[in-house]
Structures are given as structure tokens and as C-alpha cells.
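First up is the structure itself, then whatever we jot down about it.
Just so you know, these numbers use all the heavy atoms, side chains as well, and skip hydrogens, waters and symmetry mates. We name chains A, B, ... by the order of the sequence lines, and we start the count at 1 in each one.
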Amino acid sequence: MRIGELSERTGTSRRLLRYYEEQGLIVADRLPNGYRDYDERYVDRVRQIRGLLDAGLPTRIIKQVLPCLDKPRTIYFSDATPEILATLEHERDGMTERIQFLTRNRDAIADYLDAVRGGDRRDVPA
DNA sequence: ATTCTAACA
DNA sequence: TGTTAGGA
């Protein structure tokens with residue numbers, strides 16, 4: 001498939017797909033006309049990349065982790081070097097911090113909402 | 001129509 | 001990341 005289809009099927013802009021390639025996250029084959037050519041495997045791969053990006057991992061880290069993940073949404077290291085393990089532990093801690101940050105803000109918003117709506121009205125007052 | 005590269009009101 | 005120019 002060409003970039004347009006991959007874009008639609010992954011919800012990722014063509015611009016971003018080219019950017020991921022530029023960052024070494026994905027490698028596309030080229031059609032005789034120069035167009036990028038992707039196989040089915042890339043649909044999941046791109047989704048996996050987006051997931052890690054949303055989790056807060058920088059592309060440079062994803063680049064190292066990517067070769068260790070394939071089929072489903074799992075990450076497995078049979079060749080986990082101590083450097084990679086240390087990196088992942090750091091990322092894990094970063095995720096934990098972001099989760100706590102999000103939780104605090106979500107609760108603050110939830111409390112605000114509960115305070116504003118006297119327990120009945122579901123729409124925000126003008 | 002679609003995609004490509006490069007570049008930035 | 002979006003958008004756009006200029007080309008295939």
C-alpha cells in the first residue's frame with residue numbers, strides 16, 4: 001500500500017509517516033515511480049509507534065525498542081542489554097510520573113465539575 | 001488524483 | 001506538525 005492508505009488506516013498524517021521514516025522508526029520500500037510502498041505489517045507497526053509516542057517515549061528510544069517488538073502490542077527483549085534495561089527503567093519511571101500528573105489534573109477537573117453542577121445539570125452554564 | 005522533497009507567514 | 005511550492 002502507498003502512504004495514503006497507511007495514513008488512513010493508522011490515523012497518522014502522511015507528513016508524520018515521512019517524519020517517522022526520517023527518524024528511522026520505519027523503513028519503506030520504493031515503487032518504480034518513487035512512491036513509498038508499505039506492507040500490512042506497517043499498519044500495526046505504526047500504531048505501536050504511536051502508542052509508545054503517546055506514552056511519552058522519545059523517537060530515539062523507540063528506535064532502539066522497535067526491533068524488539070513484532071506481532072501484537074507487546075515488547076520483548078531476548079537480547080536485552082544492560083543499557084537498554086536502564087533506559088526502559090527510566091522510561092517506566094517517566095510514565096509513572098506522567099500518570100500521576102494526569103491523575104491529579106483529572107481529579108481536579110472532576111472536582112470542579114462536581115462543584116459546578118449541583119448534582120443535576122449535565123451541561124456547562126453559559 | 002497521489003505522492004515526492006524541501007522549506008517556512 | 002501543518003502547509004505549500006514545484007515537479008513527476
Side-chain angles (χ1 to χ4, degrees):
Chain A
M1 71 183 95
R2 292 173 313 191
I3 199 170
E5 187 182 338
L6 183 62
S7 173
E8 297 178 355
R9 293 176 57 178
T10 61
T12 306
S13 70
R14 303 169 209 301
R15 171 78 171 78
L16 232 32
L17 288 174
R18 296 189 183 105
Y19 177 69
Y20 293 161
E21 182 179 327
E22 190 177 274
Q23 298 307 300
L25 268 39
I26 55 179
V27 182
D29 292 332
R30 292 289 179 155
L31 267 30
N33 59 13
Y35 288 6
R36 267 165 270 251
D37 183 38
Y38 308 89
D39 56 75
E40 296 298 312
R41 297 163 34 53
Y42 281 82
V43 176
D44 257 53
R45 168 145 303 198
V46 172
R47 287 177 179 156
Q48 174 66 263
I49 291 173
R50 301 221 61 190
L52 294 173
L53 244 20
D54 285 344
L57 278 71
T59 58
R60 50 160 311 220
I61 299 302
I62 296 177
K63 194 188 309 176
Q64 306 182 314
V65 178
L66 213 52
C68 301
L69 50 82
D70 267 311
K71 306 303 160 57
R73 295 233 165 315
T74 48
I75 300 174
Y76 52 93
F77 285 90
S78 53
D79 59 317
T81 70
E83 294 70 53
I84 293 181
L85 288 178
T87 299
L88 291 178
E89 291 181 337
H90 185 170
E91 292 309 324
R92 175 205 57 194
D93 293 341
M95 284 187 216
T96 298
E97 284 181 34
R98 287 192 289 282
I99 288 173
Q100 300 181 322
F101 176 77
L102 288 173
T103 299
R104 289 204 303 280
N105 285 124
R106 180 207 54 192
D107 292 346
I109 289 175
D111 290 346
Y112 167 77
L113 255 21
D114 287 339
V116 174
R117 35 171 91 138
D120 48 65
R121 198 171 307 174
R122 284 192 300 179
D123 41 301
V124 184

Co-members of A:Leu31 in a cluster of I, L, V, M, F, W and Y side chains, linked at under 4.5 Å | A:Tyr35

Could you list the residues that satisfy ring-ring contact (aromatic ring centres under 6.0 Å, His included) with A:Tyr20, not counting sequence neighbours?
-> none

Smallest heavy-atom separation, A:Ile62 atom then A:Leu57 atom, equals CD1-O, 3.6 Å

A:Gln23 side chain near A:Arg18 side chain, heavy-atom distance below 4.5 Å = no

Neighbours of DNA chain B within residues 28-40 of chain A, by heavy-atom distance under 4.0 Å = A:Arg30, A:Gly34, A:Tyr35, A:Arg36

Taking A:Met1 as the fixed residue, which of A:Asp39, A:Leu6, A:Asp37 is the one that meets the side chain to side chain contact (heavy atoms under 4.5 Å, CB included) rule?
-> A:Leu6

Tell me, which stems hold DNA chain C, with a stem being 3 or more Watson-Crick or G-U pairs in a row and both distances under 3.5 Å?
-> B:4-8 with C:2-6

May I ask you to decide if A:Ala55's main-chain N or O and A:Arg98's side chain share a donor-acceptor pair within less than 3.5 Å?
-> yes

Is there a side-chain contact between A:Arg36 and A:Arg2, using heavy atoms and a 4.5 Å cut-off?
-> no

Base, sugar-phosphate alone, or nothing: which one does A:Arg14 contact when heavy atoms must sit under 4.0 Å apart?
-> sugar-phosphate

How would you give the extent of chain A contacts on DNA chain B, as first and last nucleotide 5' to 3' within a 4.0 Å heavy-atom cut-off?
-> B:dT2 to B:dA7

Rounded to the nearest 0.5 angstrom, the CD-CD1 distance for A:Gln64 and A:Ile61 is 5.0 Å

Mind checking the CG-CE spacing from A:Leu52 to A:Met95? Nearest 0.5 Å is all I need.
-> 7.0 Å

Output yes when a side-chain donor or acceptor of A:Ser7 lies under 3.5 Å from a complementary backbone atom of A:Thr12, and no otherwise.
-> yes

Rounding to the closest angstrom, what is the interatomic distance between B:dT2 and C:dG6 at atom P?
-> 22 Å

Establish whether A:Val27 and A:Val43 are linked, either directly or via other cluster members, by ILVMFWY side-chain heavy-atom contacts under 4.5 Å.
-> yes

Interface limits on DNA chain C, where chain A has a heavy atom under 4.0 Å of a nucleotide atom = C:dT1 to C:dA8

Report whether A:Leu113 and A:Leu102 are members of the same hydrophobic cluster (ILVMFWY, side-chain heavy atoms less than 4.5 Å apart, transitive linking).
-> no

Salt-bridge present (A:Arg9, A:Glu40; N to O < 4.0 Å) | yes

